[in-house]
There are 2 protein chains.
Amino acid sequence: MDLRLEDYISIFLHETDLMLTSFIKEKLAPYNLAPEQNLIMMILWEQDGYTQNEIAARLKKDKTNIARMAASLADKGFLERVPDDLDRRSLRLYLTEEGSELGEKVTPIAEEFHHAVVQGISEEELQMVRTVLKKMQQNVSK
Amino acid sequence: MDLRLEDYISIFLHETDLMLTSFIKEKLAPYNLAPEQNLIMMILWEQDGYTQNEIAARLKKDKTNIARMAASLADKGFLERVPDDLDRRSLRLYLTEEGSELGEKVTPIAEEFHHAVVQGISEEELQMVRTVLKKMQQNVSK
DNA sequence: TACATTTAGTTGTTATAGCAACTATTGGAA
DNA sequence: TTCCAATAGTTGCTATAACAACTAAATGTA
C-alpha cells in the first residue's frame, strides 16, 4: 500500500484539531481560561450544581481530567466544589460570582470562534462532515 | 445565538481525534510505540538521517516535542541521535537495527488503521472532508 | 447488622502540545 | 577579525488526556 503521511486522514484531522484549539486558546487567554476548562464553565453557565462525574460523562472525559480542571477553576476563583449532602463522595460544582460574571464575556467569544471556524462552509457541507466523522468514530469503536 | 456544546463542530472534531488516537495507541502499544512517536519512525523508515528540526517542520510540531520524543525513542533503542559534522548544533536521527526492523511490523498496522478509519467512506466523501477541514484551518490562520 | 461490591474522587505516571528562556554554535556584517 | 544576529536544541512550565491503583463512602445481600 505504502501510504505517505499526507494520505492519513487521521493526521490531517489531528492537525486541524490542534490549530482550532490553539486559536481558541489565544482568544480565551485574556480571561485566564484554558479551552477545556472553558467547556466545564459553559456547562455551568447553563446550569450549575453538577457533580464532577456528571460533567465527565457530559464531556466524555476521564474523571481524573475533570477533577484536575475543576481544582484549577476553583483555584482561580471561578467555582466552588461542594460535597453533596446525600452522597458525601460527590463534589458538586457551583459558580462563584466571578465565575458567573465571566460567562457574559466569554460566551460571545466562544460563539464568535465557532462562526469563524465555519466561515464559508455551507450547512450541507458541515452536516456531511459531521456524518463522516461520526462514521469514523463508529469505525474505531467496538 | 446560544450554541449548545453539541453545535460546536470543533468539539466534535476534537472528540473524533481523541477516539482515533486512542484506537491507534492501543494497536501500537505492543510495540512500545506511542502514536506521535510512530510518526517520527514512519519518516525515518522512509529515509533516516533527518535533523530534529527537519522532522519538526515535516510534522508541523514544536521542536521541543520532537526533541523529547526523539530522546524517548533513543532510550528505547529505536534510533540514535548523531551530531552533524558540519553543523554541530544539529542532531541527525538514524535508525538502529531494532528500529529499522520495527518498521516491517508496524507499517502494516498503520495502514490497517487507516483503512479501518475510512471503512465505508467513499473517496469523494473523504476528499470533501479534507476540503472542509482545510477551509477551517485557513479560517483560523492569519 | 456485617461484609462484599460498587461508586466518586484523588494521586501518580506517561504521552502529547507549545511557550519562554536558556546554551551552544554558526553565519553575517562592520 | 570581531561582534551581533540567527539557528538548533534543551530545560522548565502549564494544559490536556487517560490509565492504574488507591481512599472513602454508599449500596446490596446474606
> Of all the nucleotides listed (C/dA17, D/dT16, D/dA15), which has the minimum atom distance to the side chain of B/His14?
Replying inline: D/dT16
>> With nearest nucleotide decided by heavy atoms, which residue, A/Lys60 or A/Ser72, maps closer to the 5′ end of DNA chain D?
In response: A/Ser72
> Taking atom C1' of C/dT16 as reference, at what distance in whole Å does atom CG of B/Leu73 sit?
Replying inline: 13 Å
>> I want to verify a distance call: between D/dA25, D/dT10, D/dA17, whose nearest atom is closest to the A/Glu36 side chain?
In response: D/dA17
>> Rounding to an integer number of Å, can you tell me how far B/Leu91 CG sits from C/dT23 P?
In response: 18 Å
>> Categorize A/Ile55 for me: base, sugar-phosphate, or nothing, with a 4.0 angstrom heavy-atom threshold over every strand shown.
In response: nothing
>> Need one value for A/Arg81: base, sugar-phosphate or nothing, where a base atom within 4.0 Å counts as base even if backbone is also close, heavy atoms only.
In response: sugar-phosphate
> Just how far, in rounded Å, is P of C/dA15 from CZ of B/Phe23?
Replying inline: 21 Å
>> Quick one, A/Glu54 and A/Thr51 - any side-chain contact, counting heavy atoms below 4.5 Å?
In response: yes
>> Looking at B/Glu6 and A/Arg58, is any side-chain nitrogen of the basic one under 4.0 Å from a carboxylate oxygen of the acidic one?
In response: yes
>> Assess whether a salt bridge exists between A/Glu36 and A/Lys61, defined as any Lys/Arg side-chain N lying under 4.0 Å from an Asp/Glu carboxylate O.
In response: yes
> The side chain of B/Lys63 lies closest to which of these nucleotides: C/dT11, D/dG9, D/dT16?
Replying inline: D/dG9
> Is it the case that A/Ser122 and A/Glu125 place a side-chain donor and acceptor less than 3.5 Å from each other?
Replying inline: yes
> Rounding to a whole Å, what distance do you find between B/Ile66:CD1 and C/dA15:P?
Replying inline: 15 Å
> Of the nucleotides D/dT7, D/dT10, D/dT16, which one has an atom closest to the side chain of B/Arg89?
Replying inline: D/dT7
> Quick one: on DNA chain C, does A/Ala67 or B/Arg88 contact a more 5' nucleotide (nearest heavy atom)?
Replying inline: A/Ala67
>> Once you apply a heavy-atom cut-off of 4.0 Å, does A/Asn53 come out as touching a base, just sugar-phosphate, or nothing?
In response: sugar-phosphate
>> If we ignore hydrogens and angles and just use 3.5 Å, is the side chain of B/Glu80 paired with the main-chain N or O of B/Thr96 as donor and acceptor?
In response: no
> Roughly how many Å is it from CG in A/Asp85 to C1' in D/dA25, rounded to a whole number?
Replying inline: 14 Å
>> Base, sugar-phosphate or nothing for A/Lys25? Non-hydrogen atoms, less than 4.0 Å.
In response: nothing
>> What's the closest nucleotide to the side chain of A/Ser90 if the choices are D/dA8, C/dA8, D/dA17?
In response: C/dA8
>> Using a 3.5 Å distance criterion without hydrogens, assess whether the side chain of B/Lys27 forms a donor-acceptor pair with backbone atoms of B/Ala110.
In response: no
>> By nearest atom, which of the nucleotides D/dA17, C/dT10, D/dG9 is closest to the A/Asn65 side chain?
In response: D/dA17
>> Without decimals, in angstroms, what is the distance between B/Ile11 CD1 and D/dT16 P?
In response: 13 Å
>> At 4.0 Å (heavy atoms only), tell me whether A/Leu86 reaches a base, stays on the sugar-phosphate, or touches nothing.
In response: sugar-phosphate
>> Taking the nucleotide of DNA chain D with the nearest heavy atom to each, does A/Arg68 or A/Asp87 sit closer to the 5' end?
In response: A/Arg68
> When you measure from the side chain of A/Gln52, which nucleotide among D/dT10, C/dA17, C/dT10 comes out closest?
Replying inline: C/dT10
> So what does B/Thr21 hit on the nucleic acid, given a heavy-atom distance under 4.0 Å: a base, only sugar-phosphate, or nothing?
Replying inline: nothing
> Could you state the NZ-C1' distance from B/Lys61 to C/dA15, rounded to the nearest angstrom?
Replying inline: 11 Å
>> So if I take every side-chain heavy atom of B/Leu18 and compare against C/dT16, C/dG9, D/dA18, which nucleotide ends up nearest?
In response: D/dA18
